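Since the structure comes first, as C-alpha cells, the remarks are kept for the end.
These numbers were taken from a predicted model, which means no experiment stands behind them.
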Amino acid sequence: TDETSLILKQVRPSDSGFFSCQISSPQPRYIQHKLQIRVKPVIQIDEGAEIILEEGSYVNLTCSILSGTPEPNLTWRKETQGEIVGRGSRLNFGPVTKVDSGVYSCLADNGF
C-alpha cells in the first residue's frame with residue numbers, strides 16, 4: 001500500500017488506543033485518531049432459566065455483563081408483549097401477579 005495509510009490486521013481489544021500521524025515539514029503537523037475495537041457483548045441472567053413465585057412476592061432479575069466493548073446498554077423485554085419493560089442491569093417486580101408471568105429477556109447493545 002502507500003505510505004499514508006496504517007493497516008492493522010487481526011486486531012484485538014488490546015490494540016485500542018491513540019494512533020498519531022506526523023507530517024515532516026518546517027512546521028511539523030500531526031493528527032491523532034482514537035481506535036476502539038468493538039467486541040460483541042456477552043451477558044448472563046444470574047437467577048437462572050426459570051423462577052417460580054407465589055403471588056404477592058417480590059423478585060429482582062439481574063443481568064450481568066461478562067464482556068463487551070464499549071460497555072453495552074441493557075434492556076429488558078417481555079416476550080409476549082415484545083415491548084421494553086426495563087433498562088439497566090436489574091428488573092424489579094413486586095408484588096407479583098399472574099399478569100407478570102412470562103418470558104423475560106435481557107438484551108445487550110453496544111452497536112456491534
Would the distance check show the side chain of Asn110 and the main-chain N or O of Thr69 forming a donor-acceptor pair, the cut-off being under 3.5 Å? yes
For the atom pair [atom1] ([X]) and [atom2] ([Y]), what is the distance rounded to the nearest 0.5 Å?
{"X": "Cys106", "Y": "Arg90", "atom1": "SG", "atom2": "CZ", "result": "12.5 Å"}
{"X": "Asp15", "Y": "Gln10", "atom1": "CG", "atom2": "CD", "result": "10.5 Å"}
{"X": "Leu74", "Y": "Leu91", "atom1": "CG", "atom2": "CG", "result": "11.5 Å"}
{"X": "Arg38", "Y": "Ser16", "atom1": "CZ", "atom2": "OG", "result": "10.5 Å"}
{"X": "Asp46", "Y": "Asn60", "atom1": "CG", "atom2": "CG", "result": "11.5 Å"}
{"X": "Ile43", "Y": "Ser64", "atom1": "CD1", "atom2": "OG", "result": "9.5 Å"}

With no hydrogens and no angle check, do the side chains of Glu79 and Ser105 hold a donor and an acceptor under 3.5 Å apart?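 Per modelled atom types, Glu79 and Ser105 side chains form a pair under 3.5 Å.
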If you look at every heavy atom in [X] and [Y], which pair is closest and at what distance?
{"X": "Gln32", "Y": "Ser20", "value": "NE2-OG, 3.6 Å"}
{"X": "Gly56", "Y": "Pro95", "value": "O-CB, 3.4 Å"}
{"X": "Tyr30", "Y": "Gln22", "value": "CB-CA, 3.8 Å"}

With side chain to side chain contact (heavy atoms under 4.5 Å, CB included) as the test, would you mind laying out the steps for Val42 and Lys40 before giving the verdict? CA-CA 7 Å; Val42 176; Lys40 184 176 181 178; 5.9 Å; no
Same hydrophobic cluster for Leu107 and Val85, using side-chain heavy-atom links shorter than 4.5 Å among ILVMFWY? no
Under 4.5 Å between side-chain heavy atoms, counting indirect links through other Ile/Leu/Val/Met/Phe/Trp/Tyr residues: same cluster for Val96 and Trp76 or not? yes
Are the side chains of Tyr58 and Asn92 in touch, meaning some heavy atoms are under 4.5 Å apart? no
Note, Leu53 side chain near Asp100 side chain (heavy atom, < 4.5 Å):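 Result no, sub-4.5 Å side-chain heavy-atom pair not found.
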Using links of under 4.5 Å between side-chain heavy atoms of ILVMFWY residues, direct or through other members, which residues join Leu8 in one cluster?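 Joined to Leu8, directly or through intermediates: Leu6, Val11, Phe19, Leu35, Ile37.
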Heavy atoms from other residues, nucleotides or ligands near CD of Glu83 exceed 12 (cutoff 6.0 Å): yes
